[in-house]
Each structure stands twice: as C-alpha cells, then as structure tokens.
> 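The structure is given below, and queries will be raised subsequently.
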Number of protein chains: 2
Amino acid sequence: MSVDKKEHIMNVAVALFAEKGFEGTSIRDLAHEADVNIAMINYYFGSKENLFVTLLEAKARFMREKIDAVQNDPSLSELEKINQIIDGYINRFLSQPAFHRVLQQELLVTNREMLHQNVISLFIKNTQDVVAIIEKGVRKKVFKKVDPQLLFASIIGTINQVMLSRNMCNILMNNDAQADPYQNPELKTRLTKHIKQMVQDHLLIQPALQKKK
Amino acid sequence: MSVDKKEHIMNVAVALFAEKGFEGTSIRDLAHEADVNIAMINYYFGSKENLFVTLLEAKARFMREKIDAVQNDPSLSELEKINQIIDGYINRFLSQPAFHRVLQQELLVTNREMLHQNVISLFIKNTQDVVAIIEKGVRKKVFKKVDPQLLFASIIGTINQVMLSRNMCNILMNNDAQADPYQNPELKTRLTKHIKQMVQDHLLIQPALQKKK
DNA sequence: TTGAATTAAACAAACGTTTAATTAACTTTT
DNA sequence: AAAAGTTAATTAAACGTTTGTTTAATTCAA
C-alpha cells in the first residue's frame, strides 16, 4: 500500500516536473494532483529535492542495460552495434518522454550542482562506450576517420531535438498541433531510418554496401 | 542612462535565467546581482514575465539575418547554402550560450504557454526555409532522397547537444572540468568540420566529390 | 518647478516544511 | 478471540521564509 502510494507520487511528480520544471512545480500542486495530503510528500521523501533525487535514481537504472548487452556481444559488427544502440536510445527516449524532459531540464540548469552531476554521470559512461565502438571500427578500417564524440552527439542530439517540444515535433512531422507525436509509431520509424542512414553514410567507406537494403 | 541600465538588467537576467532557470531566479537575486533596487525591475519592465518577453524579443531579432541572406543568393549551390547555414547556426549558438540556454529551457517547459509559443515560432520559419533548400536539392538530383526535416533536426540537434551542459561538453572535448568550452575556438572548428562532413556524406550522390577537400 | 528616477519599506500570496493530533494497521498479551 | 499496546499512515493547521509586486517618500535632472 505504501509502496504503491510512493510510486504514484513519483509518477505524478515526473509528469509535473516535465511540464512545469522543478522550481515551477509546488508541493501543493503535486499533492493536489496526486490526491494526497501535502505533508505526505515530506513524510515519504524528506524534502522536495530528495523526491527529485529518488525519482532520478529509480528511473535511471533502466537506462544502462542495452548498451552493456550490445558492447559485449562478439557476434555483432561495429555497424550493427551502433545500429542497435540507435534503436536502444530511440526506444528509451520515446517511451518515457516526460522523464526524458526532466533529465534535459536538469542538464540545462546548473545551480542544483549535485543533481546536475548525477545526470551527467549517467551520460558519461554511455558516451565512452559508444565512442570506443566507433574508434574500434576506425582502427579496423571499416569506418572512415570521423569525430567519434561529435558523431555520438549527432545521434543523441537528433533524438533530443525531436523530444525538445511536443509542439515543435508536430510541426516537423506535419501532425496537427494537439496530437501527441511520441505516441505516433511513424515518428519512431522515420527517426530510426534517418539516423541509421545518416550515420551509415558518414561512417562506411564503401558506398556500394548501402544499396544492400 | 536609463537605456544603459535597462540593458544592464537584461544582460544580468539572461545570465541568471540561464544558470538557474526562470522560476529559479528571484527578482531579489537579479536586483542584487545587477546592483539596482528591487523596485527598478518592475519599474522598467512591469513584471518578471514581461522582462522575460522583452529579453526574448530583443535578442531574437539577431537570429533571422543569416538564413534570409543565404536563401535569396542565387550564386550559391544548395550544398553551399546548407554549409553557410551550418556556419550561421554554430556562430550564433556559440556566441550567446547563455541566451541559447534560456531558449532551450523555454522549449522544454510548457506551462508558460505564451512564451513557449513565442520561442517555437522563431524556429518554425527557419525550419521551413532549410527544408525547402534541401528539397530543392533533391528535386535537382544533386541530393539523395533524404528526410529533410530530420536532417535539419540533426544539424541543430548536434549543436544543441554540445550546448546542453558546459560540463558535458568538456567531457566530450577532453577539456578539464572547469574550462569554458564555448570560448575554445577548437570546439567551433570541430563542430563545423563534423557537421558539414556528415551532412555532405548523407546528401551527396557522388562520393568522389568528397575527396576534393 | 516639474517629471522622471530611485529608494526603503511594506503588501498579500505562495513557498517548503513541521507540528501535534487522529486514524489505521499490526503485535503482543491475556 | 478479545483487549491492550505499538507502530505506521494520514490529516488539518500552522510555521517561518521567500516570492513578485506596490506604495509613498525622496532624490535627481531639466
């Protein structure tokens, strides 16, 4: 019963933080939206900031699995690994747009230093892993000599750009303004196809291979 | 005297909003940091929200020039136009990191609807123009059949990704943690080279042309 | 002397948090 | 199995701050 309620509060909190930001969301808002007493939030989480940290830690665990699995699979070529990582990111980001929004906000705002560092450390490991895969491909001469860090930035940045604003995404996708683009399976299809094609064009030495679709 | 002071307040406001967010910055903070009386902010701008709008409108004017100029230049090829637009975005974003951060925050937070719409409308026109250039290149068969909207998202998204967090950018660039990466000319060089190369690889039909560096 | 610029002080409202009292849910004792 | 005891969950109310904004008085410049 108590665990359910805690989780319920956290889910409402993600939605509100995503919409209004951390500072913009009051505990009274949150309590009202979650239909619990104001005091319950401090009772469960100690403080508003602690609720945020708890929330981050709980959700962030699900973020590392894919890359770990891909990295240690010897049967995959470097390009296949990159492609699977692209799939992984698209799936993860699109399936939790509210949480993703909260993370992005925390990256942009630098005055809550501890939270900021927490979020950044989530990204560092992933960056290093992906960069390592690209560099291996370059050494093997299956990839051109690219800028691995910035190519990673392009992959993530493309998805992030689409996730920046529901409104802007609808304009990009030619949807009507009220729609939720992240529920639309076409977005995932287009995103996946575009990013993979772009990365492949940029990485592969023999363009002939590209035709083997 | 009064114009100088107004501008001074706006400059301090951009810096504070960028660091702490709009809700996270109090008028007292701002007044103290700008070394003016608390009442002066409402005296000049009417309200905190109005200060924000004024700030947006004042800074956003500088954002449209480049694309307008490029778009109507008949001497440029489509690829040259794209390349110049890439230069334009990189220069603009890197030269005003604080303001850029404020814009991004406003895109992520959706509860101040009017401001949100204001920021979005800045991007729409640019998106449409760039998409039109790409589509023209595709019709002329100098470009492959790409996804113009998402390619634009990749260009902007790559720069945005690097601008997300000073801290994360330093990790990407192998700088020490305290440095200001946006002052480092190497970032601009790397970004420009990477994005242009990637876009070119993705767009151009004849890969032989790429070697003509 | 008139109007704008500037100030310190005060305003109500909203903020995160805490308190003290009450209810609910188990444990232990009889 | 009922009663007593114990801990946890929940509540309304209040706490002291801080918030954005306004007022009324004062200084400054033309």
Side-chain angles (χ1 to χ4, degrees), chain A residues 1-58 102 105-106 109-116 118, chain B residues 1-58 102 105-106 109-116 118:
Chain A
M1 187 80 172
S2 123
V3 176
D4 282 357
K5 206 164 209 170
K6 248 183 122 168
E7 243 175 68
H8 173 62
I9 292 175
M10 284 167 69
N11 288 334
V12 175
V14 176
L16 285 183
F17 288 160
E19 186 189 336
K20 311 178 172 203
F22 177 72
E23 317 269 2
T25 304
S26 75
I27 290 204
R28 280 169 182 81
D29 277 353
L30 174 52
H32 180 259
E33 207 74 23
D35 204 32
V36 298
N37 190 276
I38 319 167
M40 293 309 292
I41 283 135
N42 282 282
Y43 177 74
Y44 277 132
F45 300 97
S47 71
K48 189 188 177 188
E49 175 144 344
N50 211 291
L51 158 62
F52 194 96
V53 176
T54 309
L55 201 148
L56 232 63
E57 286 170 350
V102 174
Q105 285 175 22
E106 206 52 34
V109 173
T110 49
N111 66 327
R112 293 187 291 277
E113 280 193 53
M114 223 196 66
L115 297 186
H116 186 76
N118 271 347
Chain B
M1 187 82 171
S2 123
V3 177
D4 282 357
K5 206 164 212 169
K6 246 182 124 168
E7 244 175 65
H8 173 61
I9 292 175
M10 285 167 68
N11 288 333
V12 175
V14 176
L16 284 183
F17 288 160
E19 186 189 335
K20 310 176 172 207
F22 177 73
E23 316 269 3
T25 305
S26 76
I27 290 205
R28 280 168 183 81
D29 277 354
L30 174 51
H32 181 258
E33 206 75 24
D35 205 30
V36 299
N37 190 277
I38 319 167
M40 293 309 293
I41 283 137
N42 282 283
Y43 177 75
Y44 278 131
F45 300 97
S47 70
K48 189 189 176 187
E49 176 144 343
N50 210 292
L51 158 62
F52 194 97
V53 175
T54 309
L55 201 148
L56 231 64
E57 285 170 350
V102 174
Q105 285 175 22
E106 206 51 35
V109 174
T110 50
N111 66 327
R112 293 187 291 278
E113 279 193 54
M114 224 196 65
L115 297 186
H116 185 75
N118 271 347

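Per chain, numbering begins at 1; letters A, B, ... match sequence-line order.
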> Figure out the CZ/P separation between B:Phe45 and D:dT22, and round it to whole Å.
15 Å
> Test of understanding: with side chain to side chain donor-acceptor pair (under 3.5 Å), list the residues that count as partners of A:Glu23, not counting sequence neighbours.
A:Arg112
> With a cut-off of 3.5 Å and sequence neighbours excluded, list every side-chain donor-acceptor pair involving residues 49-56 of chain B.
unit_1: B:Asn50; atom_1: OD1; unit_2: B:Thr54; atom_2: OG1; d: 3.4
unit_1: B:Thr54; atom_1: OG1; unit_2: B:Asn50; atom_2: O; d: 2.7

> Tell me the interatomic distance from B:Met40, atom CE, to C:dA5, atom P, rounded to whole angstroms.
7 Å
> Could I get the full list of side chain to side chain contact (heavy atoms under 4.5 Å, CB included) partners for A:Asn11, not counting sequence neighbours?
A:Lys59
> Could you list all N or O pairs between the protein and nucleotides 14-21 of chain C that sit under 3.5 Å apart?
unit_1: C:dG16; atom_1: OP1; unit_2: A:Thr25; atom_2: O; d: 3.4
unit_1: C:dG16; atom_1: OP1; unit_2: A:Lys48; atom_2: NZ; d: 2.8
unit_1: C:dG16; atom_1: OP2; unit_2: A:Ile27; atom_2: N; d: 2.8
unit_1: C:dG16; atom_1: N7; unit_2: A:Arg28; atom_2: NH1; d: 2.8
unit_1: C:dG16; atom_1: O6; unit_2: A:Arg28; atom_2: NH2; d: 2.7
unit_1: C:dT17; atom_1: OP2; unit_2: A:Asn42; atom_2: OD1; d: 3.3
unit_1: C:dT17; atom_1: OP2; unit_2: A:Lys48; atom_2: N; d: 2.9

> Among residues at least two apart in sequence or on other chains, which ones pass side chain to side chain contact (heavy atoms under 4.5 Å, CB included) with A:Ala15?
none
> With sequence neighbours excluded, what pairs up with B:Phe45 under the ring pair (Phe, Tyr, Trp, His ring centres under 6.0 Å) test?
none
> Using whole Å, report how far CG of B:Asp35 lies from C1' of C:dT6.
13 Å
> Would you please name every residue forming a salt bridge (Lys or Arg N to Asp or Glu O under 4.0 Å) with B:Lys20, sequence neighbours left out?
B:Asp29
> Could you state the atom-to-atom distance from NE2 of B:His32 to P of C:dT6 in whole Å?
18 Å
> Please list all pairs meeting salt bridge (charged side-chain N to carboxylate O under 4.0 Å, His left out) that have one or both residues in residues 32-42 of chain A, counting only residues at least two apart or in different chains.
none
> Are the side chain of B:Lys48 and the backbone of B:Phe22 linked by a donor-acceptor contact shorter than 3.5 Å?
yes
> Would you mind reading off the distance between B:Tyr44 atom OH and C:dA4 atom P, rounded to a whole angstrom?
13 Å
> C:dA5 P sits how many Å from B:Ile41 CD1, rounded?
16 Å
> Which pairs, protein N/O on one side and nucleotides 27-30 of chain D N/O on the other, fall under 3.5 Å?
none

